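Below is one structure, written out as structure tokens; the observations come after it.
Source: prediction; values computed, not measured. Only heavy atoms go into these numbers, but all of them, side chains included; no hydrogens, no water, no symmetry mates.
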Amino acid sequence: MSAFAMDHVRAFIAKTRVAEMTAKGWRVVGPGEEGSLLMEGPQLGGAPVRLSALVNDLFDDLVVQALERADRIDHAAGRLPRAA
């Protein structure tokens with residue numbers, strides 16, 4: 001392999017699943033352990049995108065919670081009228 005890609009992963013894949021993984025864009029890199037081959041392919045499920053979405057969703061949830069807490073404090077202090 002001449003270039004290392006950060007969005008690829010290497011794994012030992014059972015020989016019975018090699019055809020399936022090749023169809024998903026993986027390639028055989030070399031021999032593996034007994035009954036498997038070392039293969040390289042794209043991150044399953046787009047892991048960097050998933051992680052980014054998870055962090056963004058967590059941030060959005062924290063902002064919503066902070067705004068709700070601030071509204072409760074303002075209502076308790078009588079600074080905002082209650083919504084009907």
Stepwise side-chain contact (heavy atoms from CB on, under 4.5 Å) check, Thr22 with Met39: CA-CA 9 Å; Thr22 303; Met39 296 186 76; 3.8 Å; yes
Tell me which donor-acceptor pairs under 3.5 Å the side chains of residues 58-70 have, and how far apart each pair is, sequence neighbours excluded?
none

Show me the donor-acceptor pairs within less than 3.5 Å that the side chains of residues 11-20 make with the rest of the protein, sequence neighbours left out.
from	atom 1	to	atom 2	distance (Å)
Arg17	NE	Glu20	OE1	3.2
Arg17	NH2	Glu20	OE2	3.0
Glu20	OE2	Lys24	NZ	3.4

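For Glu40 against Val29, the heavy-atom pair with the smallest separation is CB-CG2, 3.4 Å.
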